[in-house]
Amino acid sequence: MANSKRLKGTLGEHMAAFQRGAVEVIEERELEKRLVRALAEDEPMRIKFGMDPSSPDLHLGHAIPLFKLRDLQRLGHQVVLIVGDATAMVGDPSGRSMLRPVLTREQVAANLETYTAQAALVLDLERTEIVRNAGWFDRMGFEGILQLTTRMTVAQMVERDTFQKRLSAGEPVGINEFLYPLMQGWDSVEVRADVELGGTDQLFNLLVGRRLQEQESQRPQVMVTTPLVNGLDGRKMSKSYGNSVGLTDSAREMTFGLMRLDDEAMAVWFLQLTRLGEPEIAELLKGHPRTAKARLALEVAGFFHGEKAAAEAAEAFNREVRDKELPADIPEIRWDSSLGSTRALANLLKDMGLVQSTSEARRAIEQGGVRWNGEVHTDPRSEMSEPKERVLVQVGKKRVMHLLPAEA
RNA sequence: GGGGAGGUUCCCGAGCGGUCAAAGGGGUCAGACUGUAAAUCUGAUGGCUCAGCCUUCACAGGUUCGAAUCCUGUUCUCCCCA
């Protein structure tokens, strides 16, 4: 019976799943050999992937390896998700230009739950082995940690590009940061990883895993690196730049975000975040960029929220952005009569929560960005009186509210 | 342990004791334009009871009519020497 087998698919399908969108597979021939054997013996490979709960939310950049894990999981491989509660406290220096604050156990614990919940949006957690690395690192004790540190030299560590850059730029590098690659590498030993997935910035850490596994007489893991995608505007994806799309974002947020993606980035996003075939992707990219991008948004938002919600979000985008019409549902707020029957426009906008300060309101008003029932007002001091009926108040293109008369 | 250089507004970074809410760039916001909330161009960008007032330049004191700029102490970072 075919379905009594744990591994599904042909060697070619397995190789393709590993290779799709991968930047590097080290070593490719090693992977093939191990796959042949795995398939022959129907013995799933252990695919390691680590996530540090260092910030509370995952974005689409994080989802890239998750999608690959999902593919591999569906072929029957065993995904081992390491929730790096110990490593998170150290902080991954990869791609870091700054020393970052050490997280406390409490902060890490708080992020931990949201992390697995978010990973579950892509992965089948029923078929995922989830382990926390604090388990073994806590047990290791001082002596164990000391032993671990003897496995690499400072010269080997400092070879790393991020350390190089920071050192030559005169920026601080914490000693704790040297621990990070060793810890991540040791995780591979603990879970006996056959393959480890990681972003290209993880190259060094992944290599340390191979080294430690060899030292422990394990077969060194195959490394598969996935590209790091930039944010929507081409800069590094980061929540603080406001250029990321979160895994928990609504269909609307995903769609509106993806529609402003740089055109040039579309090819990579299609390949990494959708499972459309490569010929189809090529076809889409030949067509109008807007059409292609709309499809990308539909695919991604559809994956997380279903076709219907994605289609609705696409409609909303067309209506509000392309056709510059008002959103379907506009928040309403009532006139606050405790402030009297009239209010200076700048203050009113702040009261309504449309701006953060009256100064910001003044700026928006003076620059012609504020409309009262469609009419532009440019005097921040003009006294607005309580409306008789619903009034549409707009600040810029994005902020809209209905102002209603005070409760009778 | 010794010596030197630094910590400036969201970020980077300039800043003769008064003319500094503090150059410039990035980001952000607003306007124009656009297939797009992209790109490009223009303007704005601490707060407020806004032609004036209040709070900012690591922290705490001090000198001075007056300090981001001078002094003292504290703290953090980097570099060189040991």
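All chains are named by letter (A, B, ...) in the order of the sequence lines, taking the proteins before the strands, and each is independently numbered beginning at 1. Values in this document were obtained by computation on a predicted structure and should not be read as measured data.
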Under 3.5 Å, which protein N or O atoms sit close to an N or O of nucleotides 36-38 of chain B? Give each pair with its distance.
from   : atom 1 : to        : atom 2 : distance (Å)
U36(B) : O2     : Met259(A) : O      : 3.2
U36(B) : O2     : Lys293(A) : NZ     : 3.4
A38(B) : O2'    : Asp262(A) : OD1    : 3.3

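- One interatomic measurement links the two molecules: CD of Glu366(A) to P of C29(B), which rounds to 19 Å at whole-angstrom precision.
- Look at the P atom in both A82(B) and A67(B): the space between them is 44 Å, to the nearest Å.
- Computed from coordinates, the Glu177(A) CD to U77(B) P distance equals 13 Å when rounded to whole Å.
- When the C1' atom is used for both U8(B) and U56(B), the distance is 10 Å, rounded to whole Å.
- For the C1' atoms, the distance from U42(B) to U19(B) is 29 Å, rounded to whole Å.
- For the P atoms, the distance from A22(B) to G47(B) is 13 Å, rounded to whole Å.
- The separation between Arg371(A) atom CZ and C29(B) atom C1' is 15 Å, rounded to whole Å.
- Under 4.0 Å is where a charged nitrogen must lie from a carboxylate oxygen, and between Arg151(A) and Glu216(A) at least one such pair does.
- Rounded to whole Å, the separation between the C1' atoms of A68(B) and U9(B) comes to 11 Å.
- Here, U74(B) and C29(B) have their C1' atoms 40 Å apart, quoted to the whole Å.
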How would nucleotides 40-49 of chain B be written as a contact map, 5' to 3', with B for base contact, S for sugar-phosphate-only contact and - for no contact, using protein heavy atoms under 4.0 Å? ---BSS-SBS
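- Looking at Trp269(A), its side chain never comes within 3.5 Å of a backbone N or O of Thr274(A) through a donor-acceptor pair.
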Given side chain to side chain contact (heavy atoms under 4.5 Å, CB included), test Met352(A) with Arg343(A) step by step and report yes or no. CA-CA 11 Å; Met352(A) 292 173 70; Arg343(A) 190 84 170 129; over 6 Å; no
Yes or no on side chain to side chain donor-acceptor pair (under 3.5 Å) for Gln184(A) and Glu196(A), after CA distance, side-chain angles and deciding distance? CA-CA 11 Å; Gln184(A) 181 170 335; Glu196(A) 178 165 5; 3.1 Å; yes
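- Between the side chain of Gln218(A) and the main chain of Val189(A), a donor-acceptor pair closer than 3.5 Å is present.
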Report, one line per pair, each donor and acceptor closer than 3.5 Å where one atom sits in a side chain of residues 277-301 of chain A; sequence neighbours left out.
from      : atom 1 : to        : atom 2 : distance (Å)
Glu280(A) : OE2    : Arg295(A) : NH1    : 3.4
Glu280(A) : OE2    : Arg295(A) : NH2    : 3.2
His288(A) : ND1    : Arg290(A) : N      : 2.9
Arg290(A) : NH2    : Asn318(A) : OD1    : 2.7
Lys293(A) : NZ     : Leu261(A) : O      : 2.6
Lys293(A) : NZ     : Asp263(A) : OD1    : 2.6
Arg295(A) : NE     : Glu299(A) : OE2    : 3.0
Arg295(A) : NH2    : Glu299(A) : OE2    : 3.1

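- Sorted by first and then second residue, the salt bridge (Lys or Arg N to Asp or Glu O under 4.0 Å) pairs with a member in residues 19-32 of chain A read Glu30(A)-Arg34(A), Glu30(A)-Arg219(A); sequence neighbours excluded.
- Between G26(B) and C76(B), the two C1' atoms lie 26 Å apart (nearest whole Å).
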Intra- and interstrand pairs of RNA chain B - dot-bracket, Watson-Crick/G-U under 3.5 Å, | marks other strand: (((((((..(((.....[.....)))((((((.......))))))(((...)))...(((((..]....)))))))))))).
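- For the pair Val229(A) and Gly61(A), the tightest heavy-atom approach, listed with the atom from each and the gap, is CG2-CA, 4.0 Å.
- A salt bridge is defined here as a Lys NZ or Arg NE, NH1 or NH2 lying under 4.0 Å from an Asp or Glu carboxylate O, and Glu177(A) with Arg160(A) fails to meet this definition.
- Spacing between A5(B) and A51(B) at atom P, rounded to whole Å, works out to 46 Å.
- When atom types are taken as modelled, the side chain of Lys388(A) and the backbone of Pro405(A) share no donor-acceptor pair closer than 3.5 angstrom.
- In this structure, CG of Leu296(A) is placed 15 Å from C1' of G35(B), rounded to the nearest angstrom.
- Within the structure, the side chain to side chain donor-acceptor pair (under 3.5 Å) test picks out the following pairs touching residues 357-370 of chain A (sequence neighbours left out): Glu360(A)-Arg399(A).
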Verdict with reasoning, Asp124(A) to Arg70(A), per side chain to side chain contact (heavy atoms under 4.5 Å, CB included): CA-CA 7 Å; Asp124(A) 179 0; Arg70(A) 174 189 164 88; over 6 Å; no
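- In this structure, the CZ atom of Arg381(A) is 8 Å from the C1' atom of C50(B), given to the nearest Å.
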